[in-house]
Amino acid sequence: MSDKPEAPEKIWLIDVDGDEFFKNYVWCDDPAPSPGMEPKESVEYIRADLLQDKIAELEEVLKKIGDSAGSWRRRANGHNCYATAGLQSINDILKTRK
């Protein structure tokens, strides 16, 4: 057993004390560690060893959405559905990542 702490699942790259001309980036385990910082201004990173699990979770959600969209499309009596085309594009992207 190791005394080394487990690495966090996510880390963020944040700009501290930077300005529009000079960025001072640091890694942090919080997207907005100080008052006045905005989480949306940080860049989120996920540990590589967890990425495949996250992709699998996303694929499962997309499958459920796709199944629901297919059911909805059948109820719409064949009318064109832009959402279904979007889902197909997402599925195509995920297939290329495997």
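Side-chain heavy atoms closer than 4.5 Å link hydrophobic residues (I, L, V, M, F, W, Y) into clusters, and following such links, even through other members, never connects Val16 to Leu13. Each of Ile11 and Ile14 belongs to its own hydrophobic cluster when Ile, Leu, Val, Met, Phe, Trp and Tyr are linked at side-chain heavy-atom distances under 4.5 angstrom.
Partners of Asp30 according to the side chain to side chain contact (heavy atoms under 4.5 Å, CB included) rule, which considers only residues two or more places apart in sequence or in another chain, are Cys28, Ala32, Pro33. Legend: residues meeting side chain to side chain contact (heavy atoms under 4.5 Å, CB included) with Glu38, ordered by chain and number and at least two apart, are Lys40, Glu41.
Interatomic distance, Glu59 CD to Lys54 NZ, rounded to the nearest 0.5 Å: 14.0 Å. We find the CD-CD1 distance between Glu57 and Ile55 to be 10.5 Å, quoted to the nearest 0.5 Å.
Here the side chain of Asp15 pairs a donor or acceptor atom with the backbone of Asn24 at under 3.5 angstrom.
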For a quick test of your reading: what N or O donor-acceptor pairs under 3.5 Å do the side chains of residues 42-49 make, sequence neighbours left out?
residue	atom	partner	partner atom	Å
Ser42	OG	Pro39	O	2.6
Glu44	OE2	Lys10	NZ	3.1
Arg47	NE	Asp49	OD1	2.9
Arg47	NH1	Ala7	O	2.6
Arg47	NH2	Asp49	OD2	2.9

